[in-house]
Participant: 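Sending over a structure as structure tokens; questions will come in a sec.
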2 protein chains.
Amino acid sequence: MEARSADRSTPAERRQLSAVDGLAQLSFLVQRMLERRAGEHDLSIIQTRLLGVLRDRRPTMNELGKLLALDKSSVSGLVERAERRGLVTRTPSPADGRAVLVSLTKDGRMLVAEAASQFEADVLALLNRLSPSDRGALSGLVSRLLVAYATDHGIDPFPSVGSD
Amino acid sequence: MEARSADRSTPAERRQLSAVDGLAQLSFLVQRMLERRAGEHDLSIIQTRLLGVLRDRRPTMNELGKLLALDKSSVSGLVERAERRGLVTRTPSPADGRAVLVSLTKDGRMLVAEAASQFEADVLALLNRLSPSDRGALSGLVSRLLVAYATDHGIDPFPSVGSD
DNA sequence: TATTGTTATACTCTATAACTATA
DNA sequence: TATAGTTATAGAGTATAACAATA
């Protein structure tokens, strides 16, 4: 649902968002930035995530399902649509006759690189609204938060977000 | 795409995420929390957002489209499905014979309240991984960032996230 | 038998276009 | 004419279930 403050005062009187509202709003903002940049390349967020995880992997359909937290049948459709656009290719696995390896094409790699750099620029522009010292502080706090969370969940905090 | 660090060192050597990666990961994490809690009530994120914006509004279909950034035809379907579940009701507008007012039912209000409080608890639990002073610092920085961004875009930073 | 992947099916979500009714 | 809303249609994205091929 929408994050919402219980605060009923007028805008001019309110000077700070609650921590929960702030984090919720920030997450929506970042997601919107990603969605917008992806959309400029006719990519959905999930298609963009697919290309993203393939940047440094050549997984089977099965592994892709785990990486993206999708059912194998969903992966079939996702990859089929990306393949139809020439962004990824399917290759039979030499190691396992049942398996299929998915990898980026040149076009796919170019597209994801472009979208990634634009998204990065968006986030940097957002962060530039803070002073350098505030920026560093925010970055450090977010990093610590994520590392603590990941550690609690037995995950390596550093590989990418979302799925891999 | 997946947020990714260009850092190629091993996990044990890496001690901080880049600011961009951190914000991207954090946004995915918060979104997953929302998605999970919504899913427990058989709600999608967009259905949850619909209920969320209706908590303190009684908009027309048209206004709802602007609040959620959806085409009017999308709103028709969205509201139709929510109405079928007994979560919202449609009432003819007394002021305009063409317009329809959408509002929460008791069931809808209960559902969104429950999902909201669970989501809030998730975010608070996440934040509790930081010390109280770090928590305050993070909250303040995020708040300043969002206020600066909103001000630059001529938006009131305080009403809810995402759409309203 | 178990695993990998595809296909059939069903539903949500979204947009465009055509339509009705009201302003 | 313009606006509010619905409906028809098309497509992406998701899951479950049934299936074929391989291990």
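By convention in this document, chain letters (A, B, ...) are assigned in the order of the sequence lines, proteins followed by strands, and residues within each chain are numbered from 1.
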Participant: Which part of the nucleic acid, if any, lies within reach of S74(B) when heavy atoms closer than 4.0 Å are counted: base, sugar-phosphate only, or nothing?
Facilitator: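 Base contact - S74(B) has a heavy atom under 4.0 Å of at least one base atom.
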Participant: In chain order, what residues pass the side-chain contact (heavy atoms from CB on, under 4.5 Å) check against R98(B), with sequence neighbours excluded?
Facilitator: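 R98(B) satisfies side-chain contact (heavy atoms from CB on, under 4.5 Å) with D96(B) once adjacent residues are dropped.
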Participant: Below 4.0 angstrom, which residues in residues 79-93 of chain B have at least one non-hydrogen atom near DNA chain D?
Facilitator: R90(B)
Participant: Using the rule that two of Ile, Leu, Val, Met, Phe, Trp, Tyr join whenever any of their side-chain heavy atoms come within less than 4.5 Å, decide whether L138(A) and V20(B) are in one cluster.
Facilitator: yes
Participant: I need a per-nucleotide contact map over nucleotides 17-23 of chain D, read 5' to 3'. Cutoff is protein heavy atoms under 4.0 Å; write B for the base, S for backbone only, - otherwise.
Facilitator: B----BS
Participant: Roughly, in whole Å, what's the span from CG in D42(A) to P in dG11(D)?
Facilitator: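 That distance rounds to 15 Å.
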Participant: Is there a path of hydrophobic side-chain contacts, each under 4.5 Å between heavy atoms of I/L/V/M/F/W/Y residues, joining M110(A) to V102(A)?
Facilitator: no
Participant: Figure out the CD/C1' separation between Q47(B) and dT14(D), and round it to whole Å.
Facilitator: 15 Å
Participant: Using salt bridge (charged side-chain N to carboxylate O under 4.0 Å, His left out), reason through E63(A) and K66(A) one step at a time and then give a plain yes or no.
Facilitator: CA-CA 5 Å; E63(A) 288 162 351; K66(A) 282 170 193 145; over 6 Å; no
Participant: How long is the line joining CG of L78(A) and C1' of dA15(D), in whole Å?
Facilitator: 14 Å
Participant: Measure CD/E35(A) against P/dG13(D) and give the value in whole Å, please.
Facilitator: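 E35(A) atom CD is separated from dG13(D) atom P by 12 Å.
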Participant: Could you report the tightest heavy-atom contact between R49(B) and L67(B), atom names first, then the distance?
Facilitator: NH2-O, 4.1 Å
Participant: List the steps, then state whether salt bridge (charged side-chain N to carboxylate O under 4.0 Å, His left out) holds for R32(A) with E35(A).
Facilitator: CA-CA 5 Å; R32(A) 276 203 305 272; E35(A) 201 169 352; over 6 Å; no
Participant: Do R85(A) and D42(A) pass the salt bridge (charged side-chain N to carboxylate O under 4.0 Å, His left out) test, and can you show the C-alpha distance, the side-chain angles, and the key distance before you say yes or no?
Facilitator: CA-CA 11 Å; R85(A) 284 183 60 180; D42(A) 278 302; 5.4 Å; no
Participant: State whether S76(A) places a side-chain N or O below 4.0 Å from either non-bridging phosphate oxygen (OP1 or OP2) of dT6(C).
Facilitator: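 Result: yes.
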Participant: Rounded to whole angstroms, how far apart are CG on L50(A) and C1' on dA12(D)?
Facilitator: 14 Å
Participant: Atom CG of L68(B) and atom C1' of dC13(C): how far apart are they, to the nearest Å?
Facilitator: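 Distance check: L68(B) CG to dC13(C) C1' gives 12 Å.
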Participant: Would S73(A) and D71(A) count as having a side-chain donor-acceptor pair, cut-off 3.5 Å?
Facilitator: yes
Participant: L111(A) and V79(A): same hydrophobic cluster, using ILVMFWY side-chain contacts below 4.5 Å?
Facilitator: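 Looking at the clustering, V79(A) is in the same group as L111(A).
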Participant: Whole angstroms only, please: what is the CE-C1' distance between M61(A) and dT7(C)?
Facilitator: 12 Å
Participant: For E63(A) and dT3(C), what is the distance between atoms CD and P respectively, to the nearest whole Å?
Facilitator: 15 Å
